[in-house]
Amino acid sequence: MIQPPAMLGILGGGQLGAMFTVAAKTMGYRVTVLDPDSLAPAAAFADVHLCAKFDDASALLTLAQCAAVTTEFENVNADAMRQLAENTRVSPSGDCVAIAQDREQEKAWIHKAGLPTAPYCVIRSAEDIQECCADLLPGILKTATLGYDGKGQVRVDTLMELRTAFASLQGVRCVLEKMLDLRAEISVVVARLNHQQSACFPPSENQHENGILAYSVVPARLSETLQRQAKQLATRLADELDYVGVLAVEMFVVGDEAQLVVNEMAPRPHNSGHYTLAACASDQFQQQVRMMCGLPPATTDLLSPCCMANILGDVWPDKGEPNWLAVLEQPQTHLHLYGKKTARHGRKMGHFTVLADDADTAWQQAVLLHKKLAG
Ligand code: ATP
Ligand code: MG
């Protein structure tokens with residue numbers, strides 16, 4: 001087990017890296033961040049900022065001297081992680097990150113774990129678009145790699161539209177998924193060290209706007225049974241991957257019988273788990289520190305119903321700042337800004353979490369406060 005004041009390393013210094021760094025520093029560790037952006041949010045908190053490209057040999061050499069290394073984003077070079085693993089403890093493994101980077105592999109592993117996905121097929125070339133695809137229409141064509149926040153996705157109703165969409169994505173390898181009738185979207189963040197030691201945070205119910213997460217409501221407004229099942233599915237997937245670290249598993253609730261279907265996973269803390277910072281006995285970033293250091297997962301109890309709301313660059317007025325006082329005046333609401341210098345449309349600038357006596361009240365209050373932010 002790795003103890004403070006050991007030096008921990010992280011690939012990536014965005015908001016997830018910043019929240020990881022704060023958690024690690026609070027626990028007495030030191031942190032080295034690798035990120036090519038001189039204004040990376042994590043750089044404000046880290047002991048060392050290696051301002052270099054993610055594949056920079058000398059930066060990776062320095063990172064390899066850390067007691068343990070983790071990542072904050074999945075599109076990191078998995079080979080760089082495998083290379084680091086020759087010299088230090090790396091979690092999650094490069095292999096697990098590589099699986100999560102590729103929707104084709106990801107789905108294969110979800111099935112291997114005995115879990116359901118939406119019906120799908122892999123499209124590698126225009127010739128793969130055959131009549132059999134018709135069973136999957138209407139559907140969503142997703143690029144196999146490099147998609148996020150709904151980017152690299154096209155909704156298609158007919159074979160003709162599918163052909164056009166595939167061509168518009170430059171013919172890169174894709175997955176065609178049947179469009180499901182979603183009752184709800186949920187996610188579970190699980191921290192896993194080994195078969196005996198893992199812990200799930202309560203599932204959050206996620207609402208998206210324009211393909212980007214807008215609100216996470218906890219507890220999810222679903223039966224206790226379904227919530228328990230969701231945690232079991234996430235744990236089973238982590239076990240199958242022999243995952244070490246924090247894994248976020250996104251799921252759909254479909255059909256009249258409310259069945260769970262696994263959508264995708266992220267090999268890191270997740271936006272939908274930010275509520276844990278304000279409302280749980282531990283948070284997802286502490287868990288990331290604990291897992292990479294070989295410490296047992298902390299308890300994950302929910303201390304209060306809550307709703308997390310994302311703050312995107314969209315709420316910035318032409319001149320000046322959003323109405324922060326609207327949020328700060330509320331004693332039950334926690335504001336969290338990431339310190340990014342420029343607000344852009346769709347850019348994640350921060351979030352706030354409303355605590356309340358029940359999930360509905362928290363959600364209503366969050367929607368109201370979000371409107372007030374924009375003035
Ligand atoms: P992110 O990285 O932000 O989670 P993403 O770009 O990786 O997003 P997905 O999570 O696969 O993409 O899909 C984005 C959203 O599109 C989902 O949250 C869901 O609302 C919708 N969606 C995706 N797949 C399906 C499906 N098979 N049926 C119905 N809706 C879907
Ligand atoms: Mg998603």
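Note that these values count all heavy atoms, side chains included, but never hydrogens, waters or copies made by symmetry. Both ligands and their constituent atoms are indexed starting at 1 by order of listing.
A cation-pi contact links K107 to Y120, judged by a cut-off of 6.0 Å to the six-membered ring centre and 45° from its axis. Both tests pass for R221 against the ring of W363: distance under 6.0 Å to the centre and angle within 45° of the axis.
Taking distance alone, with nitrogen or oxygen atoms compared against 3.5 Å, L180 approaches ligand 1 more closely than that limit.
The CD atom of Q229 lies 7.5 Å from the CD atom of Q259; values are rounded to the nearest 0.5 Å. Here the straight-line distance linking atom CG of L34 with atom CG of L60 works out to 6.0 Å at 0.5 Å rounding.
Annotation: atom 21 (C) of ligand 1 to nearest protein heavy atom, R155 NH2, 3.9 Å. When only non-hydrogen protein atoms are considered, atom 30 (N) of ligand 1 lies nearest to L182 CD1, 3.6 Å. Regarding atom 6 (O) of ligand 1, its nearest protein heavy-atom neighbour is G150 N, 2.7 Å. Closest to atom 31 (C) of ligand 1, if we only count protein heavy atoms, is I140 CD1, 3.5 Å. The single protein non-hydrogen atom nearest to atom 2 (O) of ligand 1 is D149 N, 3.4 Å, given as residue, atom name and distance.
The heavy-atom pair separating R268 from L16 by the smallest distance is NH1-CD1, 3.6 Å.
With hydrogens and angles disregarded, a donor-acceptor distance shorter than 3.5 Å links the side chain of D56 to the backbone of S58.
Here is the list of ligand 1 atoms found below 4.0 Å of a heavy atom in F252: 19 (C), 22 (N), 23 (C), 24 (N), 25 (C), 26 (C), 31 (C).
Considering Q153, E177, K142 only, the shortest heavy-atom separation from atom 23 (C) of ligand 1 involves K142. Nearest to atom 20 (O) of ligand 1 by heavy-atom distance, out of E185, R103, H208, is E185.
Shown here, atom 15 (C) of ligand 1 is out of close reach of the protein: none of its heavy atoms lies under 4.0 Å off.
Using a 4.0 Å cut-off between heavy atoms, N263 contacts ligand 1 through its side chain alone, with no backbone atom that close. If you look at E250 next to ligand 1, the close heavy atoms, those under 4.0 Å, all belong to the side chain.
Among L162, T158, V156, the one residue that satisfies the side chain to side chain contact (heavy atoms under 4.5 Å, CB included) test with M160 is T158.
In this structure, D79 pairs ionically with R82, as a charged nitrogen and a carboxylate oxygen lie closer than 4.0 Å.
Within the structure, ligand 1 lacks Y120 among the residues with a heavy atom less than 4.0 angstrom away.
One finds an angle of 100° at the Mg ion (ligand 2) between OE2 on E264 and OE1 on E250, to the nearest 10 degrees.
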Between F54 and F73, does a ring-ring contact (aromatic ring centres under 6.0 Å, His included) hold up when you go through it step by step?
CA-CA 11 Å; F54 292 116; F73 72 125; 4.9 Å; yes
